[in-house]
Chemist: 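I have a structure here, written as structure tokens, and I will follow up with some questions on it.
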Number of protein chains: 2
Amino acid sequence: MEPVNGSLRRSILDISRKMLVDEGFNRISMRKIAQKVGCSATSIYLYFKNKDALLHSLIEEGFEKLYEILSALNHPDKSPARKIEDYCRAFINFGLNNPEYYEIMFQLHPKHMERYPVEKFRRARRNTNLFMNALQELNDERMKSPEDARIWANVFVANIHGGISLLNAGRVDSRVEREKFIDTLVAGILAGSGELKLSHQT
Amino acid sequence: MEPVNGSLRRSILDISRKMLVDEGFNRISMRKIAQKVGCSATSIYLYFKNKDALLHSLIEEGFEKLYEILSALNHPDKSPARKIEDYCRAFINFGLNNPEYYEIMFQLHPKHMERYPVEKFRRARRNTNLFMNALQELNDERMKSPEDARIWANVFVANIHGGISLLNAGRVDSRVEREKFIDTLVAGILAGSGELKLSHQT
DNA sequence: TTTATTTACTTAACACCGTTAACCAAAAAT
DNA sequence: ATTTTTGGTTAACGGTGTTAAGTAAATAAA
């Protein structure tokens, strides 16, 4: 059975992406991908070294997608404080709206990331760098040095990640309203780094 | 081959716990457990409904262990602010020192948690409740209602979890010193909820 | 004391999984 | 016309969680 599309590699990626979004990461198998693509399971190995390498392509797509969203918020005539809050909320929305993408981007076991190419890691870091740049623009006394801004940027991402992770895992107390949790999470993140405040009170 | 210990269930749990700590969650298999225990793989099903149920016992152990650590810090003549910081640091240490336990407690895919007993969930929540109680003791204006304290307690745990998760996954920028990251994380968490400050500046 | 039943386990098997080795037909190059 | 490369295939290995059926020993009932 020939793939409709002449490029088998492209078909494999398209089907894998769809299966990831529809059924989730842990329901994907080489044989199931192959069956949907219309080729043998081993043909996938002609274009991807192994299952992890295939996954890495999807992970990269995820980080690119996130970066598209975040970098679009980086408008010159926006205050750095506002940028940071926008980044936070957009990041959270991305994580909640794309839980399967988010899982492989941030929750995948380190074992599967050992061979993630350095260059892809570098590109993924651009997302954290957006936070870092905005934090430096703040001219806050705690963020004077780039090193401090880098630390805080990583802490911001960690805090956001923690919220998304617990929400997606259903581990936030069910008596806590989702929206209030998110608002409080963002408020806490912003306040944590100095004098940042929510742009609109709830 | 008889298990040394007359209670097979106990032996299975002991071996599973050791394999979890030594080799990690995803290297555990029913057959490998059985081989080490000295019984057949299917014998495990006499005492645990399936692999998830076995895992749930270990998860529960993890939450009990964490609660022992945290509740020991809940001394009456300690300021609530100090309690909260101690909780944060002890929580983080637990996560970093017991990454395999932490993984199944907080990172396990929801699919594997669907049948986690409600009663065990309730016991696991005692950890968040420690934060909640301390936050209420603060008498901060933002924490007046128990509802607000509950939200903030969940946000605190989310922030802590985010840090542990990224550290254990090796996803914190390698140029950021581990200790500084943790200090900044804790400082951010404490500052986020109001006027809390680190007990000792770094 | 003999028979029946329960207890505590085992072996065999099913339907999957990622991955490798060996093979093969058609296209391209020599 | 013959060799080589391209782009796939099938078969197989050693694993996985789980279920069904069988079995030997201990216990209970007759």
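The sequence lines fix the lettering, A, B, ..., with proteins before strands; numbering per chain opens at 1. No experiment lies behind these values; they were computed from the predicted model shown.
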Chemist: Tell me which residues in residues 45-54 of chain B put a heavy atom below 4.0 Å from DNA chain D, sorted by number, or none.
Modeler: B:Tyr45, B:Asn50, B:Lys51
Chemist: Just how far is it from atom NE2 of A:His112 to atom CD of A:Gln107, taken to the nearest 0.5 Å?
Modeler: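 If I round to the nearest 0.5 Å, the distance is 13.0 Å.
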Chemist: What integer distance in Å separates B:Ile44:CD1 from C:dT10:C1'?
Modeler: 13 Å
Chemist: Grab the CE-C1' distance between A:Met30 and D:dC13 for me, whole Å please.
Modeler: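 Interatomic distance, CE of A:Met30 to C1' of D:dC13: 17 Å.
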Chemist: Please report the closest heavy-atom contact between A:Arg9 and A:Tyr47, naming both atoms and the distance.
Modeler: NH1-O, 3.4 Å
Chemist: Would you indicate what A:Ile33 reaches in the nucleic acid, counting non-hydrogen atoms under 4.0 angstrom: base, sugar-phosphate, or nothing?
Modeler: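 Touches nothing.
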Chemist: Evaluate the ring planes of A:Phe156 and A:Phe131, with Trp represented by its six-membered ring, and classify them as parallel (under 30°), tilted (30 to 60°) or perpendicular (over 60°).
Modeler: perpendicular
Chemist: What is the bend of the helix from C:dT1-D:dA30 to C:dT30-D:dA1 when you compare the axis at one end with the axis at the other, using five pairs each and rounding to 10°?
Modeler: 30°
Chemist: Using whole Å, report how far CG of B:Leu8 lies from P of C:dT7.
Modeler: 16 Å
Chemist: At what distance, to the nearest 0.5 angstrom, does CD1 of B:Ile28 lie from NZ of B:Lys51?
Modeler: 7.0 Å
Chemist: Grab the N/O contacts between the protein and nucleotides 22-27 of chain D below 3.5 Å, and write none if there aren't any.
Modeler:
none

Chemist: What are the two closest non-hydrogen atoms of A:Asn168 and B:Pro110, and how far apart are they?
Modeler: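 Here A:Asn168 and B:Pro110 meet closest at O-CG, 3.8 Å.
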Chemist: Categorize B:Ile28 for me: base, sugar-phosphate, or nothing, with a 4.0 angstrom heavy-atom threshold over every strand shown.
Modeler: sugar-phosphate
Chemist: So, B:Arg89 and B:Asp183, do they make that salt bridge, N to O below 4.0 Å?
Modeler: yes
Chemist: Just jot down the side-chain hydrogen bond (donor to acceptor under 3.5 Å, both in side chains) partners of B:Asp148, sequence neighbours excluded, or say none.
Modeler: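 Residues passing side-chain hydrogen bond (donor to acceptor under 3.5 Å, both in side chains) with B:Asp148: B:Ser145.
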Chemist: Name all residues meeting the side-chain hydrogen bond (donor to acceptor under 3.5 Å, both in side chains) criterion together with A:Asp22; count only those two or more places apart in sequence or in a different chain, and write none if there are none.
Modeler: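 For A:Asp22 the side-chain hydrogen bond (donor to acceptor under 3.5 Å, both in side chains) partners, ignoring immediate neighbours, are A:Lys18.
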Chemist: What are the atom names and distances for every N/O pair under 3.5 Å that joins the protein to nucleotides 13-16 of chain C?
Modeler:
residue, atom, partner, partner atom, Å
C:dA13, N6, B:Arg31, NH2, 3.4

Chemist: How many Å lie between CG on A:Leu55 and C1' on C:dC17, as a whole number?
Modeler: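 It works out to 15 Å between those atoms.
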